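Not measured: the values here are computed from a predicted model.
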Amino acid sequence: VQLQASGGGLVQAGGSLRVSCAASGRTSPSMGWFRQAPGQEREIVAAISWNGITTYYPDSVKGRFTISRDNAENTVYLQMNSLKPEDTAVYYCAASRIPIIRTRPNDYHYWGQGTQVTVSS
């Protein structure tokens, strides 16, 4: 499975951005988006089950971020609204062979190259 993330960029605080992750190969049971800011650990921001019914968000983004997937297109999306400067990070999409939603980076087997999201104040 190869993952290609796109859609990052620069946005003002309060703005919106959507990042996409196109996957090649087999559809993975669960997918996630992580982010990593300089000097910080990689953290999950959203995860979604294979059928899109079950999702997970940490409190830091709940109500602002929405993950979705289109299995026909083998693409996962992360819609980010009400962005804050603390959302600035490199965002990575990841795929897991484990059918149940996972939240730890170590549970994901495939990673995209990352896309920079910068939120200015």
(message) Which residue is it: L83, L10, T118, V11? I am looking for the one with a side chain to side chain contact (heavy atoms under 4.5 Å, CB included) to T88.
(response) T118
(message) Please check this pair: side chain of Q113 against backbone of A5, looking for a donor-acceptor N/O pair closer than 3.5 Å.
(response) yes
(request) Verify the ring-centre separation between W33 and F65: is it less than 6.0 angstrom? (result) no
(request) Give a yes or no on whether Y91 and L3 share a hydrophobic cluster (residues Ile, Leu, Val, Met, Phe, Trp, Tyr; joining criterion: side-chain heavy atoms under 4.5 Å apart). (result) yes
(message) What I'd like to find out is whether the side chain of E43 reaches to under 4.5 Å of the side chain of Q36, using heavy atoms alone.
(response) no
(request) For residues S96 and P29, report the shortest heavy-atom separation together with the two atoms involved. (result) O-CD, 3.1 Å
(message) For a quick test of reading the model, state the closest non-hydrogen atom pair linking A46 to P58 and the distance between them.
(response) N-CD, 4.4 Å
(message) I need the T66 OG1 to N81 CG distance, nearest 0.5 Å.
(response) 6.5 Å
(message) Side-chain heavy atoms nearer than 4.5 Å, only ILVMFWY residues, links allowed to pass through others: does that put V90 and V119 together?
(response) no
(request) Please check if V19 and V76 belong to a single hydrophobic cluster, counting links between Ile, Leu, Val, Met, Phe, Trp and Tyr side chain heavy atoms closer than 4.5 Å. (result) yes
(request) Using a cut-off of 6.0 Å, state whether more than 12 heavy atoms not belonging to W50 lie near its atom CH2. (result) no
(request) Quick one: closest heavy-atom pair of A89 and A37, and the distance? (result) CB-N, 3.9 Å
(request) Give a yes or no answer on whether the side chain of H109 reaches the backbone of R97 with a donor-acceptor pair at less than 3.5 Å. (result) yes
(request) Can you measure from CD (Q116) to CZ (R35) and round to the nearest 0.5 angstrom? (result) 12.0 Å
(message) Distance alone, cut at 3.5 Å: any donor-acceptor contact between the side chains of T75 and D70?
(response) no
(message) Could you see if Y110 belongs to whatever hydrophobic cluster contains Y77? Use Ile, Leu, Val, Met, Phe, Trp, Tyr and a side-chain cutoff under 4.5 Å.
(response) no
(message) Is the shortest side-chain heavy-atom distance between V1 and W111 below 4.5 Å?
(response) no
(request) Go through the steps to decide whether D107 and R104 satisfy the test salt bridge (Lys or Arg N to Asp or Glu O under 4.0 Å), and finish with yes or no. (result) CA-CA 6 Å; D107 290 331; R104 300 183 309 168; 3.2 Å; yes
(message) Between S16 and Q79, is there a side-chain heavy-atom distance shorter than 4.5 Å?
(response) yes
(request) Return the minimal non-hydrogen interatomic distance between G8 and T115, and the atom names on each side. (result) N-OG1, 3.1 Å
(request) Check whether more than 12 heavy atoms from other residues, nucleotides or ligands sit under 6.0 Å from atom CD of Q2, and answer yes or no. (result) no
(request) Identify the heavy atoms of C21 and M31 that sit nearest to each other, and give their distance. (result) SG-CE, 4.4 Å
(request) Identify whether the distance between the nearest side-chain nitrogen and carboxylate oxygen of D59 and K62 falls below 4.0 Å. (result) yes
(request) Would you name the heavy atoms of I44 and Y108 that are closest together and state the gap between them? (result) CD1-OH, 4.2 Å
(request) Report yes or no: is the cationic atom of R42 (NZ for Lys, CZ for Arg) under 6.0 Å from the centre of the six-membered ring of Y92, at an angle within 45° of the ring normal? (result) yes
(request) Among V117, D87, V61, V45, find the residue that satisfies the side chain to side chain contact (heavy atoms under 4.5 Å, CB included) test when tested with M80. (result) V117
(message) Any heavy-atom pair between the side chains of S49 and S30 that's under 4.5 Å?
(response) no
(message) Just by distance, no angles: are the side chains of R102 and Y56 close enough, under 3.5 Å, to form a donor-acceptor pair?
(response) no
(message) Is there a path of hydrophobic side-chain contacts, each under 4.5 Å between heavy atoms of I/L/V/M/F/W/Y residues, joining L78 to I101?
(response) no
(message) If we count only N and O atoms by modelled type, under 3.5 Å, do the side chains of E73 and N71 hold a donor and an acceptor together?
(response) no
(request) Please test Y57 against R64 for side chain to side chain donor-acceptor pair (under 3.5 Å), starting from the C-alpha separation and ending with a verdict. (result) CA-CA 10 Å; Y57 306 94; R64 301 189 297 121; over 6 Å; no
